[in-house]
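Computed from heavy atoms alone, side chains included, the values below leave out hydrogens, waters and symmetry copies. Order of appearance sets the numbers: ligands from 1, and atoms from 1 within every ligand. Note that the coordinates shown come from a computational prediction; the quantities given were computed from them, not determined experimentally.
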Amino acid sequence: MLLRERLSQKIPQWREEAQALRAEYKDAVIDHVTVNHLFRGMRGLKVLLSDISYVDPYKGIHFRGYTIPEVLEALPKPPGATMPYVGGLYWLLFTGDLPTKEEALSVEEAWKAHMDLPDWVKATIESMPKDTHPMTLFSMAVLALQKESVFTKRYKEGLPRTQHWEAALEDAIALTARLPVVAAFIYRYLYGDGSYIPPRDDLDWGANFAHMMGINDERYQELSRLYFILHSDHELGNASAHTAHLVGSTLSDLYYAFSAAMNALAGPLHGLANQNALKWLAEAYERYGGVPTEEQLTEFAWETLNAGQVIPGYGHAVLRATDPRYTAFYEFGEKYLPEDDFFRLVQVAYKVIPQVLQEHGKAANPWPNVDAISGVLQKHFGVEPTFYTVLFGIGRALGITAHGVWARAMMLPIERPKSLTLARLKSLAEEAKA
Ligand code: CMX
């Protein structure tokens, strides 16, 4: 595999640089921990390491240093398409280099070798009641695939630590290859006729997902590519990526780590917000019998806040401006579905919600995040809202597995921070104050 060859050229140098940095600055202080950090979910504390991406509060996600507009512009695209091969983005995340078309296609080809739906995974899904949330099925299906892990097999055989990344890379490719297959089958089991549509050899990974969903519309193929690229990563500190990182640090394989990450993504303050954002918009639409006016949506937003609830799709732990992922989706909506009622509703929301949240005075960031719009685009193509978080998960797998391989390449250790009792915290705080 071309990707393995390229990484084996790069990893020795990455290790050397990291070792030199550590040797020179071992005891340099880069942050300090306050009492507030412990009560505020460690917000902003600089304690995690990964070269795959970082989030700038104002410019948003940078994949290996490249912003979303840069990535969408520079990555190779399938003939006639406006959205890039997702395989090209995966190459970038792993290597740090923008791929040539050949390199992007090498990832797409590597995926194709694993895009099947094993019988036992299909049977696992079909054994579950249809009122099970799709995220539960998704996480279960990933665990059902775990027995395929090359990492776990080779670890048992005594694979040296310096080569852990190679086995992790094999898992990364095989796992991510199957996710669209598994997810589309879950969708058709829960909401369709339960039949399995196998992937097509002539389609790329993103477009194949659209095909396997049974949505034969080129615009949905474009949306799928865009959707998975935009959701691929948001640095290592977000709840799902951080979960996978912690699990992976025990040398659990990527199947275990990714399944755990999906259980974090299923929470309403994280990935479930896309489903909830659509629900919130739909409730407003129903209440006012169509697209509400600015005054009506303002009234609706205040009702939500006064009931002690959050407005889903707005605010962010790191971002302090409109999420560039939101902007990219907005541009897609303007191009492909400007007359869609819910897209118009998103436009009204953008005009009023930031102002309402500013007046409310609590949220540090009143601007929309990716979840404020992503569901509206899926809804246009008839996709059920309860499935939106699974879509987020398919994309997020790219970043999570890239971080996972990188962590093994850098031979990072098991994580084990220290917890404190309130009494211990108090005495430490008193000591610090004195
Ligand atoms: N609506 C109402 N209140 C909000 C709010 C929103 N959209 N966003 C933040 N706040 C509130 C918080 O609940 C918090 O209130 P308390 O002090 O009573 O606990 C206060 O403002 C300060 O929070 P913050 O520092 O601005 O935000 P956090 O870092 O604590 O939380 C997030 C970030 C995303 C969980 C929060 O903005 C939120 O709940 N948003 C709505 C849910 C959502 O869209 N989540 C998806 C995030 C994207 C992703 O998953 O990657």
Side-chain angles (χ1 to χ4, degrees), residues 34 36-45 53-58 60-63 68 135 227-245 261-281 283-284 297-298 300-329 346 349-350 352-376 385 388-400 403:
T34 65
N36 224 14
H37 277 122
L38 277 75
F39 287 99
R40 286 283 296 131
M42 300 179 281
R43 203 69 87 255
L45 203 57
S53 69
Y54 80 97
V55 177
D56 176 279
Y58 298 96
I61 183 69
H62 289 62
F63 302 118
I68 284 171
M135 279 303 278
Y227 199 98
F228 299 141
I229 288 173
L230 295 184
H231 284 87
S232 63
D233 201 23
H234 221 227
E235 75 174 35
L236 192 56
N238 70 80
S240 52
H242 188 190
T243 301
H245 181 71
M262 291 303 93
N263 302 335
L265 194 70
L269 297 187
H270 193 13
L272 203 75
N274 57 12
Q275 170 183 331
N276 289 348
L278 199 277
K279 184 167 168 270
W280 190 81
L281 293 173
E283 281 167 7
L297 198 63
T298 302
F300 192 73
W302 275 112
E303 275 179 31
T304 303
L305 293 173
N306 291 337
Q309 286 160 10
V310 297
I311 298 180
Y314 281 77
H316 201 272
V318 181
L319 292 173
R320 292 296 176 261
T322 296
D323 187 341
R325 299 173 296 176
Y326 174 95
T327 308
F329 275 146
V346 160
Y350 191 55
V352 306
I353 305 299
Q355 226 174 317
V356 169
L357 283 175
Q358 268 160 343
E359 223 177 289
H360 185 239
K362 267 183 155 188
N365 173 40
W367 301 105
N369 62 60
V370 65
D371 298 327
I373 188 167
S374 59
V376 165
Y388 298 167
T389 312
V390 174
L391 296 170
F392 190 152
I394 302 171
R396 188 49 57 93
L398 304 165
I400 282 178
H403 287 294

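A heavy-atom distance below 4.5 Å is not found between the side chains of Asn369 and Tyr326. With a 4.5 Å cut-off on side-chain heavy atoms, Phe300 and Thr298 do not count as touching. Taking 4.5 Å as the limit, every side-chain heavy atom of Trp280 sits out of range of all side-chain heavy atoms of Gln309. Counting heavy atoms from C-beta on, the side chains of Asn274 and Ser374 come closer than 4.5 Å.
With His234 as the partner, the ring pair (Phe, Tyr, Trp, His ring centres under 6.0 Å) test is satisfied by one option alone out of His403, His316, His270: His316.
Among protein heavy atoms, the minimum distance from atom 44 (O) of ligand 1 is reached at Gly313 N, 2.8 Å. For atom 45 (N) of ligand 1, the nearest protein heavy atom (residue, atom name, distance) is Leu269 O, 3.2 Å. Nearest protein heavy-atom contact of atom 5 (C) of ligand 1 is Ala363 CB, 3.9 Å. Counting protein heavy atoms only, atom 29 (O) of ligand 1 is closest to Arg43 NE, 2.9 Å. The protein heavy atom nearest to atom 16 (P) of ligand 1 is Lys362 NZ, 3.9 Å. Distance from atom 38 (C) of ligand 1 to its nearest protein heavy atom, with residue and atom name: Tyr314 O, 4.1 Å. Protein heavy atom at the shortest distance from atom 26 (O) of ligand 1 is Ala364 N, 2.7 Å. Closest to atom 6 (C) of ligand 1 among all protein heavy atoms lies Ile311 N, 3.7 Å.
Inside a 4.0 Å radius of atom 12 (C) of ligand 1 there is not any protein heavy atom. Distance check on atom 19 (O) of ligand 1: every protein heavy atom falls at or beyond the 4.0 Å cut-off. At a distance under 4.0 Å, a protein heavy atom can be found next to atom 47 (C) of ligand 1.
Here's the thing with Leu305: none of its N/O atoms is less than 3.5 angstrom from an N/O atom of ligand 1. The N/O atoms of Arg325, backbone and side chain alike, include none that comes under 3.5 Å of an N/O atom in ligand 1.
Listed by number with element, the atoms of ligand 1 under 4.0 angstrom from any heavy atom of Ala273 are 43 (C), 44 (O), 45 (N), 46 (C). Here is the list of ligand 1 atoms found below 4.0 Å of a heavy atom in His270: 46 (C), 49 (C), 50 (O), 51 (O).
Contact between Leu357 and ligand 1 is present, with at least one heavy atom of the residue lying under 4.0 Å from the ligand.
For Val310, heavy-atom contacts with ligand 1 shorter than 4.0 Å involve the backbone as well as the side chain.
By the 6.0 Å contact criterion, CD on Glu303 is enclosed, its count of non-hydrogen atoms from other residues, nucleotides or ligands being greater than 12.
With Arg396 contributing its side chain and His231 its backbone, the two residues share a donor-acceptor pair below 3.5 Å.
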Inset, instruction - Go through the steps for Phe329 and Val376 under the test side-chain contact (heavy atoms from CB on, under 4.5 Å), then give the verdict. - result: CA-CA 10 Å; Phe329 275 146; Val376 165; over 6 Å; no

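Between the CG atom of Asn263 and the CE atom of Met135 there is a distance of 7.5 Å, given to the nearest 0.5 Å. Taking CZ of Arg43 as the reference point, atom CG of Leu38 lies at 12.5 Å (rounded to 0.5 Å).
For atom 23 (O) of ligand 1, the choice among His234, Gln309, Arg40 with the nearest heavy atom turns out to be Arg40.
His242 and His245 have tilted rings, their planes meeting at an angle from 30° to 60° on a 0 to 90° scale.
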